[in-house]
Amino acid sequence: MKSGMLALNTLLFSCVITGVCSALLPTRLQADAQENNRPIIGILTQEISDDVMKKFGKTYIPASYVQYVESGGARVMPVKLNQSFAEHEKIFKSINGLLLIGGAVDLETSDFAHTAEIYFKLALKANDNGDYFPIWGTCLGLQLLTVLVAGENLLTRATAENVSLPLTFTEDPLLSRMFKSFPDKVLKALATEPLTGNFHHYGVTAEAFLNNQKLNDFFSILSTNIAENGSKFVSTMEGKKYPFYGVQWHPEVNRFQWDPNYQFPHSKNAVRVSSLLAEFFVNEARRSLHRFSQPEEEIKALIYNYSPVYVGNITAYELSYFF
Ligand SMILES: *[C@@H]1O[C@H](CO)[C@@H](O)[C@H](O)[C@H]1NC(C)=O
Ligand SMILES: *[C@@H]1O[C@H](CO)[C@@H](O)[C@H](O)[C@H]1NC(C)=O
Ligand SMILES: *[C@@H]1O[C@H](CO)[C@@H](O)[C@H](O)[C@H]1NC(C)=O
Ligand SMILES: *[C@@H]1O[C@H](CO)[C@@H](O)[C@H](O)[C@H]1NC(C)=O
């Protein structure tokens, strides 16, 4: 075992020097032809609603979401709002998944909502045609997915602000795609320890969800939680037929936000949950074979062309990208 590892190290070392890695790797270590091992996740930028950040730009992506996606083994493309349909369609064919961030914009009238709808519809059509394309919504992102599916806004006040909660699973989580590869120990912790950070004032109650035929047909509720006023809201959901996922809570804060004024879960199990979900979503994106038509286009599109700004002294984020 030891000497095998040594040989592999030497092999990798020679890759760094020569830059001809794949030529040196034995066939069995090369990527499965049908699996995309260079996935790129689009993260939709969002209009800035927090006044203290407005001096930096018009739209933003907190760096915690970028780090989250990168930690799962993917690269990030920031997707700007207000582009033509043709431009969005071209981006859609170049990326392997879309992440909708949390925040505070209108779910029906914002540019964020309008642009998300373009990708949502493209993804529906693509998946129908066997072209796998996953979408992940966090917090406002989950809420937006429910609006896009239901065709109406079913949100009501369901405040769970600055509070960490264990999930109440609705069925055996091992039957879901999202949680089926979680170790038993981590699932048990997720159900009993406060590992999910909640920062929301609105939500979709389990009742509103179950009374809406479209939502019911489209998504399975994987977990619920109780809001401050006692209403039961949907905290985790996944598409029945489509690889679309939503969490009302914030897995990215567990590893990438540290403001001591907020209840960001940082325990060993909290970190593990965040890592497993980031890997889960990126693994979904590996099933998408979309790619940029030109390498130069890919290079220009990636987040590496932007520098995040320190906002730890004015927001609950450490760093944020502005566009
Ligand atoms: C998008 O375009 C509209 C109409 O021109 C404008 O009002 C809005 O500020 C733009 N949004 C962004 C994020 O650039
Ligand atoms: C919680 O507040 C919302 C909005 O005011 C209301 O619709 C809901 O009935 C309340 N839930 C409970 C259990 O009081
Ligand atoms: C968040 O919750 C913690 C623990 O309850 C509390 O100490 C802190 O003041 C709260 N932060 C805000 C911004 O309300
Ligand atoms: C926050 O930090 C940045 C970078 O160090 C600095 O430029 C800015 O003035 C600070 N803002 C406040 C309100 O302290």
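Both counts, for ligands and for their atoms, begin at 1 and track the order of listing. Below, all heavy atoms of this structure are taken into account, side chains as well, without hydrogens, waters or symmetry copies.
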For [atom], grab the closest protein heavy atom and report residue, atom and distance to one decimal in Å.
{"atom": "atom 5 (O) of ligand 4", "result": "Tyr310 CD2, 4.3 Å"}
{"atom": "atom 14 (O) of ligand 3", "result": "Asn162 ND2, 3.4 Å"}
{"atom": "atom 11 (N) of ligand 1", "result": "Asp111 OD2, 2.8 Å"}
{"atom": "atom 13 (C) of ligand 1", "result": "Thr59 CG2, 3.5 Å"}
{"atom": "atom 4 (C) of ligand 1", "result": "Asn82 ND2, 4.6 Å"}
{"atom": "atom 9 (O) of ligand 1", "result": "Lys58 NZ, 2.8 Å"}

Does [X] have its ring centroid less than 6.0 Å away from the ring centroid of [Y]?
{"X": "Phe264", "Y": "Phe199", "answer": "yes"}
{"X": "Phe244", "Y": "Phe120", "answer": "yes"}
{"X": "Tyr68", "Y": "Phe281", "answer": "no"}

Would you kindly specify which portion of Ile314 sits under 4.0 Å from ligand 4, judged on non-hydrogen atoms: side chain, backbone, both or neither?
side chain
Are Lys80 and Asp111 within salt-bridge range, i.e. N to O under 4.0 Å?
no
Hey, is Lys54 close enough to Asp51 for a salt bridge, meaning N to O under 4.0 Å?
yes
Is the closest N or O pair between Glu47 and ligand 1 shorter than 3.5 Å?
no
Do Asn36 and Tyr132 come within less than 4.5 Å of each other through their side chains, counting heavy atoms only?
no
Carefully, step by step, assess Phe219 and Leu142 under the rule side chain to side chain contact (heavy atoms under 4.5 Å, CB included).
CA-CA 11 Å; Phe219 284 113; Leu142 170 145; over 6 Å; no
Can you confirm, on distance only, whether ligand 4 has an N/O atom lying under 3.5 Å from any N/O atom belonging to Asn313?
yes
Please report whether atom 7 (O) of ligand 3 has a protein non-hydrogen atom at a separation of less than 4.0 Å.
no
Hey, which atoms in ligand 3 end up nearer than 4.0 Å to a heavy atom of Asn261?
1 (C), 8 (C), 10 (C), 11 (N), 12 (C), 13 (C)
Classify the ring geometry between Phe92 and Phe133 as parallel (under 30°), tilted (30 to 60°) or perpendicular (over 60°).
tilted
